[in-house]
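Some notes on the structure that comes next.
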Amino acid sequence: MNFMAWAYWTDGWYDDSLMPNDEGLRRCTCGQFFLLQDMKAVEEGDDAEGDDLPSTMAVPDEQLPECFAQPVSAEVEVAARLGYWRYLNHDFRSAYVEHRDAEAAPTRTTWLTNNPDRRTWWDSLLRRPAPRYSRPEGGPFTHPPYEPTPEQLADMELLCELLQQSGPAQHRHALELAELYREQGRFGAGSAVLQAMVPKDLGTTGRLIARLIEGKERAPMRYGMCAGNNAARANRAF
């Protein structure tokens with residue numbers, strides 16, 4: 001499976017990926033929510049020919065709050081609230097991208113003017129790449145203020161409670177828990193979650209969240225990854 005994406009966000013969202021942006025939450029034709037991992041295989045020759053089987057399409061974001069009123073299990077509610085948390089961050093995501101594009105445009109334009117594509121036909125034949133722009137060290141980097149709404153704060157608080165109940169900080173949602181604390185401005189709690197993890201499990205995202213906590217930064221951040229020396233390394237936030 002290809003897990004690469006054009007861009008990643010610290011809340012777990014990713015742009016232009018071949019993988020879905022969800023926690024495997026689905027909805028049966030009867031209206032009940034379930035997780036893909038809980039589906040059972042239908043044996044060949046069963047009465048169900050497929051028409052009455054649940055859809056395996058992702059649940060629309062607008063329907064996620066319906067899951068809160070009829071949670072089947074804690075795992076299902078966690079999946080729904082994780083999806084809703086990321087959905088509520090989309091307005092900030094849009095503002096962030098627009099702000100970053102506007103701020104980076106002058107520097108990018110100047111670079112492209114000074115570094116035109118001078119490849120010859122021979123270079124093209126050899127498939128030599130064109131010059132590629134990357135944000136220079138020390139270049140301007142700002143973003144719009146992150147001001148979560150009361151609905152977002154309430155959802156994040158409830159999600160933190162659910163994740164704390166699911167086990168120690170080493171559970172599979174530890175990074176999400178640390179990020180939730182950070183976005184609420186609860187930097188000490190976020191740092192404690194990361195410190196309880198095995199260092200090798202922090203990965204690119206965990207290390208970035210740790211740096212943002214250290215800088216008392218609350219905003220969800222966009223970043224990239226690229227392969228190098230058989231390992232993934234983070235580009236700077238962009």
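These numbers come from a predicted model, not from an experiment.
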Closest non-hydrogen atom pair between [X] and [Y], with its separation:
{"X": "D117", "Y": "A130", "answer": "OD2-CB, 3.7 Å"}
{"X": "C160", "Y": "L180", "answer": "SG-CB, 3.7 Å"}
{"X": "A79", "Y": "L25", "answer": "CB-CB, 4.3 Å"}
{"X": "E183", "Y": "P220", "answer": "OE2-CG, 3.6 Å"}
{"X": "G190", "Y": "A178", "answer": "O-CB, 3.8 Å"}
{"X": "A219", "Y": "H143", "answer": "CB-CE1, 3.6 Å"}

Do [X] and [Y] come close enough that some side-chain heavy atom pair is under 4.5 Å?
{"X": "T107", "Y": "Y133", "answer": "yes"}
{"X": "R222", "Y": "V97", "answer": "yes"}
{"X": "R26", "Y": "F33", "answer": "no"}
{"X": "D11", "Y": "R93", "answer": "yes"}
{"X": "V59", "Y": "L64", "answer": "yes"}

Test side chain to side chain donor-acceptor pair (under 3.5 Å) on S191 and Q195 and set out the steps.
CA-CA 6 Å; S191 181; Q195 290 175 7; 3.0 Å; yes

Rounded to the nearest 0.5 Å, how far does [atom2] of [Y] lie from [atom1] of [X]?
{"X": "D201", "Y": "L194", "atom1": "CG", "atom2": "CG", "answer": "11.5 Å"}
{"X": "W13", "Y": "D22", "atom1": "CH2", "atom2": "CG", "answer": "9.0 Å"}
{"X": "R182", "Y": "I209", "atom1": "CZ", "atom2": "CD1", "answer": "6.5 Å"}
{"X": "Q164", "Y": "Y181", "atom1": "CD", "atom2": "OH", "answer": "3.0 Å"}
{"X": "L153", "Y": "L158", "atom1": "CG", "atom2": "CG", "answer": "11.0 Å"}
{"X": "T10", "Y": "R211", "atom1": "OG1", "atom2": "CZ", "answer": "11.5 Å"}

If only side-chain N and O atoms count, and only distance matters, is there a donor-acceptor pair under 3.5 Å linking [Y] with [X]?
{"X": "R100", "Y": "T142", "answer": "no"}
{"X": "T204", "Y": "Y223", "answer": "no"}
{"X": "N89", "Y": "Y146", "answer": "yes"}
{"X": "H173", "Y": "E179", "answer": "no"}
{"X": "Y84", "Y": "Q63", "answer": "no"}
{"X": "S94", "Y": "E98", "answer": "no"}
{"X": "E176", "Y": "W85", "answer": "no"}

Counting only N and O atoms by type, is there a donor-acceptor contact under 3.5 Å from the side chain of T109 to the main-chain atoms of A105?
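Yes; at least one donor-acceptor contact below 3.5 Å.
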
Just by distance, do the side chain of N114 and the backbone of T110 share a donor-acceptor pair under 3.5 Å?
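Yes; at least one donor-acceptor contact below 3.5 Å.
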
Counting only heavy atoms not in Q37 (residues, nucleotides, ligands), do more than 12 fall under 6.0 Å from its CD?
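Count over threshold, so yes.
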
If you count every heavy atom of other residues, nucleotides or ligands that lies below 6.0 Å from N115 atom CG, does the total exceed 12?
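It does: N115 CG has more than 12 such atoms within range.
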
When you measure from the centre of the six-membered ring of F34, is the NZ or CZ of R27 closer than 6.0 Å and no more than 45° off the axis?
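Negative - R27 is either too far from the ring of F34 or too far off its axis.
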
Taking NZ, NE, NH1 and NH2 as the nitrogens, is one of them in E23 or R86 under 4.0 Å from a carboxylate oxygen of the other?
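A salt bridge is present here (some side-chain N lies under 4.0 Å from a carboxylate O).
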
Does R127 pair with D123 as a salt bridge, N-O distance under 4.0 Å?
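Salt bridge absent between R127 and D123.
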
Would you say the rings of W9 and F92 are close, in the sense that their centroids are separated by under 6.0 Å?
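Not under 6.0 Å, so no.
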
Using ring centroids (six-membered ring only for Trp), state whether F238 and W6 fall under 6.0 Å.
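Yes, close enough.
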
